[in-house]
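So the structure is just underneath, and the comments pick up after that.
For the single chain, residues carry numbers from 1 onward in sequence order. All figures in this text were calculated on a predicted structure; none of them were measured in a lab.
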Amino acid sequence: QLQVVESGGGLVQPGGSLRLSCAASGFSLAHYAIGWFRQAPGKEREGVSCIESSGTSINYVDFVEGRFTISRDNAKNTVYLQMNSLTPEDTAIYYCAARTRATYGTSCYGPIALSEYDYWGQGTQVTVSS
């Protein structure tokens with residue numbers, strides 16, 4: 001069964017940090033761009049960051065630029081999202097997904113479009129609160 005599994009979420013105080021992991025089973029993440037997304041209560045799911053299959057190109061949305069860092073370890077079949085300086089507005093369920101369709105390529109330039117991604121995980125809850 002092909003799947004990705006997110007982990008590392010939890011409760012953190014404002015200004016704190018968390019590192020999320022996205023691990024794959026049944027296939028290799030190394031061939032694909034991987035995206036991180038989040039969905040806050042009552043809001044639509046939105047893109048957060050993307051990393052190219054080789055790690056060469058990386059993209060962030062404005063509201064996490066400078067605070068979040070995406071990375072990957074293809075040998076461990078895992079992608080990470082380091083989140084620093086967290087605020088209550090970062091509270092959401094965080095998802096990772098692989099972009100496996102050849103049509104969309106493996107690089108991460110331009111918007112992080114949900115429709116381009118498949119093999120979604122179940123998400124990990126991140127709550128930022130004092």
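- The structure places CZ of Arg38 at 9.0 Å from OG1 of Thr91, a figure rounded to the nearest 0.5 Å.
- Linking ILVMFWY residues whenever their side-chain heavy atoms come closer than 4.5 Å, directly or via other members, leaves Ile70 and Tyr80 in distinct clusters.
- To the nearest 0.5 Å, atoms CD (Glu44) and CD (Gln39) are separated by 8.0 Å.
- One hydrophobic cluster holds both Leu2 and Val4 under the rule that ILVMFWY side chains link at heavy-atom gaps under 4.5 Å.
- Nearest approach of Asn84 to Gln82, heavy atoms of both residues: OD1-NE2, 2.9 Å.
- Phe63 places a side-chain heavy atom less than 4.5 Å from the side chain of Glu46.
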Donor-acceptor contacts under 3.5 Å from residues 48-56 side chains, at least two apart:
| residue | atom | partner | partner atom | Å |
| --- | --- | --- | --- | --- |
| Ser49 | OG | Asn59 | O | 2.9 |
| Glu52 | OE1 | Ser57 | N | 2.9 |
| Glu52 | OE1 | Ser57 | OG | 2.5 |
| Ser54 | OG | Thr56 | N | 3.3 |
| Ser54 | OG | Thr56 | OG1 | 2.7 |

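- Using modelled atom types and a 3.5 Å distance limit, the side chains of Arg99 and Tyr32 yield no donor-acceptor pair.
- Asp90 places no side-chain N or O within donor-acceptor distance of the main-chain N or O of Val126, the cut-off being under 3.5 Å.
- To the nearest 0.5 angstrom, Leu29 atom CG is 4.5 Å from Ile34 atom CD1.
- Residues in residues 98-130 take part in these ring pair (Phe, Tyr, Trp, His ring centres under 6.0 Å) pairs, two or more places apart or across chains: Phe27-Tyr119, Phe37-Tyr117, Phe37-Trp120.
- The line from OG1 of Thr124 to CD1 of Ile93 is 9.0 Å long, rounded to the nearest 0.5 Å.
- For Glu6 (side chain) and Cys96 (main-chain N/O), a donor-acceptor pair under 3.5 Å exists by modelled atom type.
- Atom OG of Ser17 is separated from atom CZ of Phe68 by 9.5 Å, given to the nearest 0.5 angstrom.
- Ala33 and Ser107 make their closest contact through CB-O, 4.3 Å (heavy atoms, listed as atom of the first residue, atom of the second, distance).
- For the pair Gln122 (side chain) and Val5 (backbone), a donor-acceptor distance under 3.5 Å is absent.
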_Tyr60 vs Arg67, test: side chain to side chain contact (heavy atoms under 4.5 Å, CB included). Steps then yes/no._
CA-CA 10 Å; Tyr60 300 98; Arg67 299 189 300 125; over 6 Å; no
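- With rounding to the nearest 0.5 angstrom, the CZ atom of Arg72 is 13.0 Å from the CG atom of Leu81.
- More than 12 heavy atoms of other residues, nucleotides or ligands lie within 6.0 Å of CD in Glu65, so this atom counts as buried by the packing criterion.
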